[in-house]
Amino acid sequence: MRLTKLFTRTSKTVAADEVSKNAQLLIRAGFVHKEMAGVYAYTPLGLKVLENIKSIVREEMNAVDSQELIMTNLQPSAIWEETGRWDDKVVDVWFKTKLKDDSEIGLAWSHEEPIVDMMKQYVTSYKDLPISVYQFQTKLRNELRSKSGIMRGREFLMKDMYSLTQDAKQHDEYYDSVKEAYKKVYDRLGIGEDTYITFASGGAFTKFSHEFQTICETGEDTIYLHRGKNIAINEEVLDEDSLTKLDIKREDLEEVKSSEVGNIFNFGTDKSEKMDLTFTDEDGNRQFVHLGSYGIGISRVMGVIAEKLSDDRGLVWPKSVAPALVYLIRLGDEPEVVKQADELYEKLTSEGIEVLYDDRDMRAGEKFADADLIGIPYRLVISSKTVEQGVIELKERTSEDTKSVQFAEISNLLTR
RNA sequence: CGGGGAUUGGCGCAGUUGGCUAGCGCGCCGCGUUUGGGACGCGGAGGUCGGAGGUUCGAGUCCUCUAUCCCCGACCA
């Protein structure tokens with residue numbers, strides 16, 4: 001992408017009341033546009049990041065044999081009445097509206113009930129199970145107060161996955177495989193180091209559910225880390241009973257702020273019983289399906305990455321999610337400089353390397369500042385100086401060192 | 001939903017105890033000088049001050065209502 005074509009621009013300032021670092025940086029660098037409180041549009045650079053995160057999640061979910069689908073945003077009230085969750089007193093984040101015939105419908109804040117309802121049509125035999133499905137969907141939640149930039153919005157992108165299994169054993173096997181898949185996801189997203197499996201409240205069927213919490217100052221959760229065991233406990237379930245169950249001593253725990261970037265949950269047969277989702281087992285008996293639910297807040301993860309990996313000059317995207325791998329700066333407009341920069345842009349692009357090409361008529365300082373702010377992993381510079389020396393200047397966003405490299409070897413140096 | 005703060009060109013802000021054609025920075029347009037870490041000069045364009053009502057000779061400044069945004073709290077992926 002040539003920056004002369006990109007409609008967004010960077011800004012030196014941001015509204016004083018926009019306090020969260022992720023929103024400040026993402027707005028300044030032109031990744032998101034705030035539409036209203038808790039509602040953000042994703043401009044081309046931001047969308048690219050979102051898509052890259054999705055790709056990683058998609059690969060890992062496919063790897064545990066889940067099938068991608070997409071559910072609807074408009075939901076009938078009836079299926080939520082079956083579980084008692086249509087009531088605003090039970091679920092306080094509902095957005096509801098009406099069809100022209102006055103019937104009430106809901107806007108998707110979750111897809112648990114719709115998935116179960118839909119699956120009733122497809123699941124009849126034990127031979128059908130296990131099944132796992134997932135989607136990337138925009139969730140709409142009428143939060144009383146949204147905050148922290150894109151980390152807690154009224155509209156946000158979520159990957160939600162649901163597993164249907166025959167029994168507790170089959171469920172547990174699948175659940176464990178997802179747990180491993182999630183670890184891979186966070187590793188690949190560059191936040192694995194600081195992301196902990198966290199024991200949280202589990203509902204009716206298990207004492208615990210598991211959250212994936214990333215240490216982050218802007219986070220809304222407080223967790224207690226056990227570095228030795230590499231796990232954490234959410235403060236909501238921190239009591240003597242839990243400590244005993246997990247065989248942990250209170251004095252070994254370290255309190256940190258964190259953001260919940262994922263959640264895996266065992267519903268047991270609770271929802272299936274309420275909604276009558278059954279299958280026939282080998283002996284011809286009707287059984288309730290075991291259900292698991294697995295979420296990853298895609299847009300929140302983007303916010304967490306922006307928060308955690310940025311520095312005082314701007315964003316620092318990991319290569320796996322960066323909107324481009326290379327930020328190519330052309331300094332000056334001498335014919336030979338333009339020619340070489342254009343050629344390099346074409347070459348890299350044709351090799352499938354994504355390049356943000358700063359072909360704007362601006363001063364060096366502004367270009368360098370923008371490169372830092374936008375946070376692309378590699379920065380290449382072509383100027384009259386480099387042309388003279390027959391080299392290209394290469395610098396990584398995370399490093400202060402620049403080095404001169406040859407045109408021919410450039411592709412090999414840019415590793416994803 | 002409780003408490004606090006805010007709303008003035010595209011963006012960020014200032015605007016005294018009400019007073020004349022509402023300022024500044026960034027950005028934008030034009031010309032020129034510059035050109036490796038957000039240059040400089042000159043000349044321009046662009047706002048009726050969130051909305052409605054009121055007080056007043058006169059309202060961005062005061063009053064009432066209302067909308068929206070932000071922060072803290074309660075609640076949540």
Side-chain angles (χ1 to χ4, degrees), chain A residues 7-20 23-24 27-28 30 33-39 88-94 108-112 136-161 182 198 200-201 209-214 218-221 234 236 258-265 293-304 313-314 329-334 337 358 360-374 379-389 393 395 400 402:
Chain A
F7 77 84
T8 56
R9 63 170 79 209
T10 57
S11 164
K12 282 185 234 179
T13 56
V14 69
D17 62 7
E18 191 71 69
V19 294
S20 77
Q24 286 194 358
I27 290 171
R28 281 188 54 210
H33 167 76
K34 184 178 192 165
E35 193 67 26
M36 51 189 259
V39 181
D88 289 329
K89 288 191 216 59
V90 178
V91 172
D92 63 0
V93 293
W94 268 120
W109 67 276
S110 161
H111 289 82
E112 287 163 1
F136 296 98
Q137 251 284 14
T138 299
K139 305 293 186 202
L140 303 169
R141 295 190 182 180
N142 203 346
E143 299 278 359
L144 247 38
R145 178 184 169 207
S146 59
K147 59 176 204 174
S148 309
I150 64 169
M151 289 171 66
R152 179 174 174 191
R154 296 198 165 93
E155 176 175 327
F156 60 94
L157 187 62
M158 182 171 169
K159 186 277 314 185
D160 47 326
M161 181 164 82
Y182 268 42
T198 305
S201 60
S209 69
H210 295 102
E211 293 172 344
F212 288 80
Q213 295 272 4
T214 306
T218 317
E220 300 179 47
D221 290 282
N234 195 307
E236 66 190 20
S258 64
S259 180
E260 185 181 346
V261 292
N263 183 322
I264 60 180
F265 203 89
S293 159
Y294 316 83
I296 293 180
I298 301 294
S299 42
R300 174 178 284 180
V301 163
M302 176 172 163
V304 169
R313 293 198 308 253
I329 292 179
R330 190 192 78 202
L331 289 186
D333 55 2
E334 293 85 352
V337 170
D358 197 343
R360 299 173 299 177
D361 178 23
M362 289 171 70
R363 301 171 66 82
E366 296 176 87
K367 294 192 174 194
F368 291 140
D370 276 351
D372 288 339
L373 176 60
I374 293 171
R379 186 186 84 186
L380 297 177
V381 178
I382 291 187
S383 65
S384 53
K385 198 163 83 186
T386 65
V387 166
E388 216 170 277
Q389 296 168 359
E393 180 184 298
K395 176 184 168 303
E400 295 304 316
T402 60

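A note on names: the letters A, B, ... follow the listed sequences, proteins ahead of strands, and every chain is numbered from 1. Both backbone and side-chain heavy atoms feed into the values below; hydrogens, waters and symmetry mates do not.
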_Listed nucleotide nearest any side-chain atom of A/Arg300, set B/rC28, B/rA39, B/rA77_ = B/rA77
*Which part of the nucleic acid, if any, lies within reach of A/Arg28 when heavy atoms closer than 4.0 Å are counted: base, sugar-phosphate only, or nothing?*
base
*Take atom CE of A/Met36 and atom P of B/rA67, then tell me their distance rounded to the nearest Å.*
14 Å
*Quiz item: A/Arg152 side-chain donor-acceptor pair to B/rC75 base, under 3.5 Å*: yes
*Would you indicate which nucleotide in B/rA74, B/rA77, B/rG37 comes nearest to any side-chain atom of A/Glu260?*
B/rA77
*Who pairs with A/Val14 by side-chain contact (heavy atoms from CB on, under 4.5 Å), at least two apart in sequence or on another chain?*
A/Glu18, A/Gln24, A/Ile27, A/Arg28
_Nearest-neighbour nucleotide for the A/Met158 side chain, B/rG27, B/rG37, B/rA77 considered_ = B/rA77
*Please figure out whether A/Arg9 or A/Gly365 has its closest RNA chain B nucleotide nearer the 5' end.*
A/Arg9
*Mind checking the P distance from B/rA14 to B/rU35? Whole angstroms is fine.*
37 Å
_Under 3.5 Å, is there any donor-acceptor pair linking the side chain of A/Arg145 to the base of B/rG4?_
no
*Flag side-chain contact, heavy atom, 4.5 Å: A/Ile150 against A/Met302*: yes
*Who passes side-chain contact (heavy atoms from CB on, under 4.5 Å) against A/Glu236, sequence neighbours left out?*
A/Ala200, A/Ser201, A/Glu211, A/Asn234
*Distance, P atom - from B/rG23 to B/rU68, rounded to whole angstrom*: 32 Å
_Classify A/Gly314 by what it touches in the nucleic acid, base, sugar-phosphate, or nothing, heavy-atom distance under 4.0 Å._
nothing
*What distance, rounded to whole Å, do you find between the two C1' atoms, one in B/rU33 and one in B/rC69?*
44 Å
*Between A/Asn142 (CG) and B/rC75 (P), how many Å, whole number?*
18 Å
*Choose from B/rA77, B/rC1, B/rG37 the nucleotide whose nearest atom is closest to any side-chain atom of A/Asn263.*
B/rA77
*In whole angstroms, how far is the P atom of B/rC11 from the CZ atom of A/Phe7?*
15 Å
*Among A/Ile264, A/Asn263, A/Thr198, which residue meets the side-chain contact (heavy atoms from CB on, under 4.5 Å) test with A/His210?*
A/Ile264
*asked:* Applying a 4.0 Å non-hydrogen cut-off, can you work out what A/Val14 is touching in the nucleic acid: base, sugar-phosphate, or nothing?
replied: sugar-phosphate
*Among B/rA77, B/rU34, B/rG12, which is the nearest nucleotide to the side chain of A/Ala15?*
B/rG12
*Answer yes or no as to whether B/rG38 has its base stacked against A/Phe368, where stacking requires a ring-centre separation under 5.5 angstrom and planes under 30 degrees apart.*
no
*asked:* Once you apply a heavy-atom cut-off of 4.0 Å, does A/Arg330 come out as touching a base, just sugar-phosphate, or nothing?
replied: nothing
*Is any side-chain N of the basic residue among A/Glu393 and A/Arg379 closer than 4.0 Å to the acidic one's carboxylate O?*
yes
*For the pair made of CD in A/Glu112 and C1' in B/rA77, what is the distance, rounded to whole Å?*
11 Å
*asked:* When the C1' atoms of B/rG60 and B/rG19 are compared, how many Å lie between them, rounded to an integer?
replied: 13 Å
*Complement of B/rG2, any strand, by Watson-Crick or G-U distances under 3.5 angstrom*: B/rC72
_Side chain proximity check, A/Thr10 to A/Ile374, heavy atoms < 4.5 angstrom_ = yes
*Please state the P separation for the pair B/rC63 and B/rU17 - nearest whole angstrom.*
13 Å
*Whole-Å distance between B/rC71 C1' and A/Met151 CE?*
16 Å
*Given B/rA77, B/rA74, B/rC11, which nucleotide is nearest the side-chain atoms of A/Thr13?*
B/rC11
*Report the distance from atom CD1 of A/Ile150 to atom C1' of B/rA77, rounded to the nearest whole Å.*
13 Å
_NZ/NE/NH1/NH2 to OD/OE distance under 4.0 Å, A/Asp160 and A/Lys139_ = yes
_Between P on B/rC76 and CH2 on A/Trp94, what's the gap in Å once rounded to a whole number?_
17 Å
_Mate of B/rU48 where both pairing distances stay under 3.5 Å, Watson-Crick or G-U_ = none
*Any idea which of B/rG38, B/rC13, B/rC28 is nearest the A/Ala16 side chain?*
B/rC13
_Rounded to whole Å, please give me the gap between NZ in A/Lys12 and P in B/rC24._
18 Å
*asked:* Regarding A/Glu400 and A/Arg313, does a basic nitrogen lie under 4.0 Å from an acidic carboxylate oxygen?
replied: yes
*asked:* Under the side-chain contact (heavy atoms from CB on, under 4.5 Å) test against A/Phe156, which residue among A/Arg300, A/Gln137, A/Arg141 passes?
replied: A/Arg141
*asked:* Categorize A/Asp160 for me: base, sugar-phosphate, or nothing, with a 4.0 angstrom heavy-atom threshold over every strand shown.
replied: nothing
_Which residue lies more 5' along RNA chain B, comparing A/Ala364 with A/Arg141 via nearest heavy atoms_ = A/Ala364
*For nucleotides B/rG37 and B/rG43, find the distance between their P atoms and express it as a whole number of Å.*
29 Å
*For B/rG25, the Watson-Crick or wobble partner whose two distances fall under 3.5 Å*: B/rC11
*asked:* Please classify the nucleic acid contact of A/Thr386 as base, sugar-phosphate, or nothing, using heavy-atom distances under 4.0 Å.
replied: base
*asked:* Partner lookup for B/rG41, please. Criteria are Watson-Crick or G-U wobble with both distances under 3.5 angstrom; report none if nothing qualifies.
replied: B/rC31
*Side chain of A/Lys395 (C-beta onward), nearest among B/rC76, B/rA74, B/rG37*: B/rG37
*Return no unless some side-chain N or O of A/Lys34 is found under 4.0 Å from OP1 or OP2 of B/rC70.*
yes
*Indicate, with a heavy-atom threshold strictly under 4.0 Å, whether A/Glu211 touches base, sugar-phosphate, or nothing.*
nothing
*NA contact type, A/Glu393, heavy-atom cut-off 4.0 Å: base, sugar-phosphate, or nothing?*
base
*asked:* If you only use heavy atoms from C-beta on, which nucleotide in B/rU34, B/rG38, B/rC69 is closest to the side chain of A/Thr10?
replied: B/rG38
*Listed nucleotide nearest any side-chain atom of A/Arg313, set B/rA77, B/rG38, B/rG37*: B/rG37
*Given the C1' atoms of B/rC13 and B/rU55, what is the spacing between them in whole Å?*
30 Å
*asked:* Please give the distance between the C1' atoms of B/rG44 and B/rG4 as a whole number of Å.
replied: 43 Å
